[in-house]
Amino acid sequence: MITSYKQLRQVVDTTVANTKITDVHTHLYSPCFKDMLLWGIDELLNYHYLVAETFRWLNIPYEDFWSMDKKAQANLIWKTLFEDNSPYSEACRGVLTTLKKLGLDVGSRDIDSYRSFFAGFSVEDYVDRVFEVSGVEKVIMTNNPFDQEERDIWLNSYVPDSRFKAALRIDPLLIDTCNALNKLKDWGYNIEDELNDNTYKEVIRFLSEWIERMDALYVAASLPYDFCFPDDSVSTKIIENCILPVCMEYNIPFALMIGVKRLINPDLKLAGDGVGKGSVESVEYLCAKYPHNKFMVTMLSRENQHELAVSARKFRNLLVFGCWWFLNNPSLIDEITRMRFELLGVSVIPQHSDARVLDQLIYKWEHSKNIIADVLYDKYKDLMDTGWRISEDEIERDVQKLFGGNFWTFLSAKF
Ligand code: FIX
Ligand code: ZN
């Protein structure tokens, strides 16, 4: 039994540091996807978060930046954000935390020495290194069968890697349905001109084939802030008639990532998205109307977090995950994690990395684990103050659930 705050702090910190992580949402790829897996200093610096921050200082035409090669872009980002200004934004600090955890001399500010460090790795060796340093055991990829490059690899040269699990990402079916259905037609599915049972059956066949091909753990979509369910839109029809039935048949969750305002500044490309307050009512309706389906939900707007946590208290088929994107900042992770632990106890997935560059697993988990450990320490300390006596095993049990167990249990749950 833990008998002092000092011992509690030590046990919480050690347990959080040593518990292996399942990262439920990333944009990483296993090595067989070749260049689709981004890694190294130039990719770290070209992260769209840093591109957005850099353009706050730049007055060059956007196309001048985009016409540069990656190294030149990285050099400009490094100069603008790390040399001409102090890099204390979360995304900037992240680059430095990564370099530090890899044993590089951050103080030297010698970007070329960092480049030669990364040049010394094969991708296979570097994947091993990053998983070891970050404490991540498994990542869930974001796999889009509508992306031709990715599609070709799944169909011709996919090599399973147990550290990289798949999630079937189907945004085009919901936000660009007409073109998506035309693609299915091109791929030989018997899609009719109207949304009828034959078309629904073919969409279900498409989803089933890719769920099996990818051994997908869940079906996912990122949905705009004004996503509303139900309404008379085609996305409602596709969700009701195709996605929910197929998810139920395979007993896998439908993951909804709600709240993006796509391309409010298209000149920034991937960095051009914004955020809007979403409708928790739509999530509640889905959970209530489809009690045998499972829903994983993350919302982008800070203003949605309390409502969403309360909804999860009402629906066992709803698993809330992550401090997504613009919420993935220390002050907000702390606020949101405290509130979730107070409303949901251990039954939540406090974080996912959304890593787009392999190296980001190192800093995104380092930063989040420190905050989650602080929140956990405060929660257990409050418990001890009641006279409740807690053991090391119980803390290990809870942290194991938060860092992956809750996800795997939810996957095998049947409601
Ligand atoms: O839709 C998503 O999965 C988002 O995470 C991405 O689109 C976004 O660009 C991102 O990288 C957020 O961290
Ligand atoms: Zn993402």
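We count ligands from 1, going down the list as the structure has it; atoms in each ligand are counted the same way. Excluded from the calculations below are hydrogen atoms, water molecules and symmetry mates; all remaining heavy atoms, backbone and side chain alike, are included. If you read the sequence from its start, that first residue is 1, and numbering goes on from there.
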With a sphere of 6.0 Å drawn around NZ of Lys20, does it hold more than 12 non-hydrogen atoms of other residues, nucleotides or ligands? yes
Decide side-chain hydrogen bond (donor to acceptor under 3.5 Å, both in side chains) for Tyr47 and Asp359; before the verdict, give the C-alpha distance in whole Å, the side-chain angles of both, and the deciding distance to 0.1 Å. CA-CA 11 Å; Tyr47 187 31; Asp359 324 55; over 6 Å; no
Give the residue and atom name of whichever protein heavy atom lies nearest to atom 11 (O) of ligand 1, and the separation in Å to one decimal. Arg356 NE, 2.7 Å
Contact atoms of ligand 1, heavy-atom distance to His25 under 4.0 Å: 3 (O), 5 (O)
Assess whether atom CZ of Arg302 is packed by more than 12 heavy atoms of other residues, nucleotides or ligands within 6.0 Å. no
Ring pair (Phe, Tyr, Trp, His ring centres under 6.0 Å) for Phe410 and Tyr218? Distances and angles first, verdict last. CA-CA 11 Å; Phe410 194 66; Tyr218 59 80; over 10 Å; no
Ser222: numbered ligand 1 atoms lying under 4.0 Å from its heavy atoms: 1 (O)
Just wondering, do Met36 and Ile153 contact through their side chains at under 4.5 Å, heavy atoms? yes
If you measure from the Lys or Arg side-chain nitrogens to the Asp or Glu carboxylate oxygens, is any gap between Glu124 and Arg129 under 4.0 Å? no
Counting only heavy atoms not in Asp35, do more than 12 sit closer than 6.0 Å to its CG atom? no
Atom 13 (O) of ligand 1: closest protein heavy atom, distance to 0.1 Å, is Tyr49 OH, 2.5 Å
Considering His27, His48, Arg169, Met257, which one's heavy-atom position lies nearest to atom 1 (O) of ligand 1? Arg169
Looking at every non-hydrogen atom in both residues, tell me the closest pair between Ile204 and Pro245 and how far apart they are. CD1-CB, 4.4 Å
Student check: side-chain heavy atoms of Trp154 and Arg213 closer than 4.5 Å: yes
Can a non-hydrogen atom of Arg262 be found less than 4.0 Å from any atom of ligand 1? yes
For atom 4 (C) of ligand 1, grab the closest protein heavy atom and report residue, atom and distance to one decimal in Å. Trp324 NE1, 3.6 Å
The protein N, O or S atoms lying under 2.8 Å from the Zn ion (ligand 2) are His25 NE2, His27 NE2, Asp354 OD1
